[in-house]
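Counting begins at 1 with the first residue of the sequence.
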Amino acid sequence: MPDERSTSADRVIALEKALTGFADNHSETVVIPSVGLTFDSINEAYEFYNLYSWETGFGVRYAKSRSNVKGTKCMQEFVCCYSGKPKEANSKSSRCQCQAMIRLLRTDDEGWYINEFRSNHNHHMLNTCAEKLRFPSHRHIDKYTRELVSQLRQNNVNVSKVYSIIATFFGRVENVPFTKRCLRTLCGKLSREQADDDVRNTMAIFSEMKAQDGEFTYNVQVDDESRIRTHMWTNGRSKTQFHHFGDVVTFDTTYKTNLYDMPFGLFVGVNNHFQSVLYAGVLMRDETEDTFKWIFDEFMKMMGGKKPITILTDQARAMEKAIEDVYPNSTHRWCKWHVLKKAKENLGAHYTKKSDFRAEFHKLVHEMLTIDEFEDGWAALLDKYSLKNNPYLTQIYETRLKWAKPYFAGKFCARQTSTGRSETANHMLKQYVPPSCSMNLFVKQYNKLQFDREQEEGFQEKRTRLSRAVLKVNTALEVHASKIYTRKMFEILGEILYESGRYDVEEIIAKQKYIVTHQKAEHREKWFKCRFEVNVTDNLGYFSCICGLFEHMGMVCCHSLQVMVFLRLKQIPPRHILKRWSIHGRDNLPGHLKHYQQDMGPPDAPTFRHSALYITALEVANMGDRNPAAFEFMMSGLVELRTRGGEVCAFNDGLGVVEQQVSNNAVAVGPKLNTISSVRSVEGNRTKSRDATSVSVHPPMSQASEASCPNGDGYNSEFSEAASRLMTNTEEELLAPERNKKRGRPTTSRDKAPYEKDSAKRSRFCSVCRGKGHKSSTCPDRGDVPKKERKVATCGKCGVPGHRRTTCSKPLMSTMAGVPPSH
């Protein structure tokens, strides 16, 4: 026998009877249970009795039930929430043995009817809506509202805003059928559901991402207990971005926005629109040297073996040693903001807004261009203000090779001196990721952040291709720049060009040496360097300024621009046009195909040998693409021909198209690329180190010429199958990291780096000697000078001590003519 009977159009349900009969009942309640009332199901009976309890002022719950010999339920009771005895005598329980209830029995047609109804209660009934909502039976959250709450919480919307959003659907907050406390309980339940089986859910997300993006790569490092220690991932678009703009990378690990309190590291670069691009994300359990070595080595593998030219990080010693080991030829630079942020705290009264020391210190740090200027200026500054023994200045001076501007002359940094792009990306991530979120939710929200960044990049691409440039000064140089740079970089050049108008040019040697001086040098000398030397070489083809902006950023400086205007140049010299900032920044082909790039102009006329080989190769490719047998035959023949032709092709007479192109452009020939076609193998393995195991799913390292793979489709399918098999085998073995929940409310505030955690609290300085560690009352330089005697309080009216103005009996004499004294 089923638990409910089928509905019928001829049958009137109990709730409809109660609504239609309300006018004849002459009672205050609409829904009134009675013996003999029938229902189609238990749920219908429960909802009916629950409506009655809402009108009356109590709550209901399921109670005893009974089944027959066939296992079918034949009796069900619904009782008052206050029914039964408390488990302990002295407790907060509200149960008081209330006898109110209804008992349901089965009808002959498989329905239910009320066999017994008790309406008497032994407790007070609640009247207001706020009071009634405290009963569990009246805190109903339907599945659609649950789904809405789940989506809002995943997008980092707090509980109060979620409750306000739901209230808009019900018209007013008072109409919401549940309380905020109930909503908070539901949010906690949803968070626990997301955290359950976290690793399996994360691997499922990666499987989906791999199916959508064949170049998606991830790697997991586990400990001896198979718990995730380090987790790193990237996608195909990020790899492409790194291939084009991976010369400068910032890496920062100052945020912990996950359930396991794991620091999140972010590799960030800058594209040709001067926007931040995300290369890879990594979750790590600790910040040791071995962990950073694994991260940097794996990042290099994911990016096809390419290493960044410059990498900017904070002052973590473990990170510094790892970079020296993995990227020995890369320039490692510290974030200047992290180095100098303690200046105000450690320099005390010397570092105030109006002090001369602050202005001179900033000029020394930001404006000195040569090593000799920096060293001499530093020594003079310490002598002038007697700060030779200051520990903070001594510390940053000893590490000046990692952050000071003169020591990075000629190093390209894309105008970056700090890890601000990584920290900005982490700040944006906080808007997507809720505090203490699970790993799978973290990956989902990270993908949303990356999608939004790609949308912004698409807008800049559209703006560059379709929008017209707005000229500021309408010179020939500006018109030329509008045709080669992206719109954002053209706007930056416009600002530089506008600034160049404040400089005067003095010719020292015609077409060789110039001195550029600011027009208000006498007012700016205190804060900024105002005289710059510009040397011109290569028959007006290269302008070298002492400021080093072109070497640092890749954009010509305002001093060189002013000299170009002085020399009446119509175009920016080609050597000053960095391709990464131009509209062709993504047009990068392998070395043997570079003469086909758009920015290289039309290719040279091919030789007879090149033309004949090219046409024949196209005919062979067309014939081999007709059926599988033709493909196998042609491919085997080409492979054999390539192997046999290696010895014949060893001698190079220098008459080929590539050699002629290189000779004409006077470009130095680099190491020859290995263009042997081969199907890339699939790496899906577990590699063990001293205390960790690495589980990787990614293609092997490859050069840009790997596009010559003979069967790309077959490779993708084979790799996807291998990756799926590996993920299926490893997801059962991997375990989530141990949860490390901190005390207090979860937060997404910036986490201090390891070198900051052990630092002492802010020092207070003595007002007498400006030293720290003591107060003015205990200052050794104070001597035994007695304190000034306290001034005796006197009356404001009569000037006599001993009483106040409010109690003075002497009348106040007016000093104005014609005004009587006050009494």
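Residues passing the side-chain contact (heavy atoms from CB on, under 4.5 Å) test with Y407, sequence neighbours excluded: I371, F374, E375, R400, L401, A404.
Legend: salt bridge (Lys or Arg N to Asp or Glu O under 4.0 Å) pairs involving residues 444-454, not counting sequence neighbours, sorted by first then second residue: R237-E454.
The aromatic rings of H576 and F543 sit tilted, their planes meeting at an angle between 30° and 60°.
Side chains of N235 and Q450: a donor on one and an acceptor on the other come within 3.5 Å. For T486 and N272, the side-chain atoms include no donor-acceptor pair closer than 3.5 Å. Side-chain atoms of T253 and E287 include a donor-acceptor pair closer than 3.5 Å.
Considering CZ of F267 and CZ of F296, their distance stands at 5.0 Å, rounded to 0.5 Å. The distance from atom CH2 of W294 to atom OG1 of T230, rounded to the nearest 0.5 Å, is 5.5 Å.
Under the 6.0 Å cut-off for aromatic ring centres, F206 and H231 qualify, their centroids lying closer than that.
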Please walk me through it: do R317 and E320 pass salt bridge (Lys or Arg N to Asp or Glu O under 4.0 Å)?
CA-CA 5 Å; R317 177 60 179 166; E320 179 184 356; 3.3 Å; yes
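Considering only heavy atoms from C-beta on, M203 comes within 4.5 Å of Y218 through its side chain.
Under the 3.5 Å distance criterion, the side-chain polar atoms of K306 are matched with a main-chain donor or acceptor of H243.
Between D297 and K301, at least one side-chain nitrogen of the basic residue sits less than 4.0 Å from a carboxylate oxygen of the acidic one, meeting the salt-bridge criterion.
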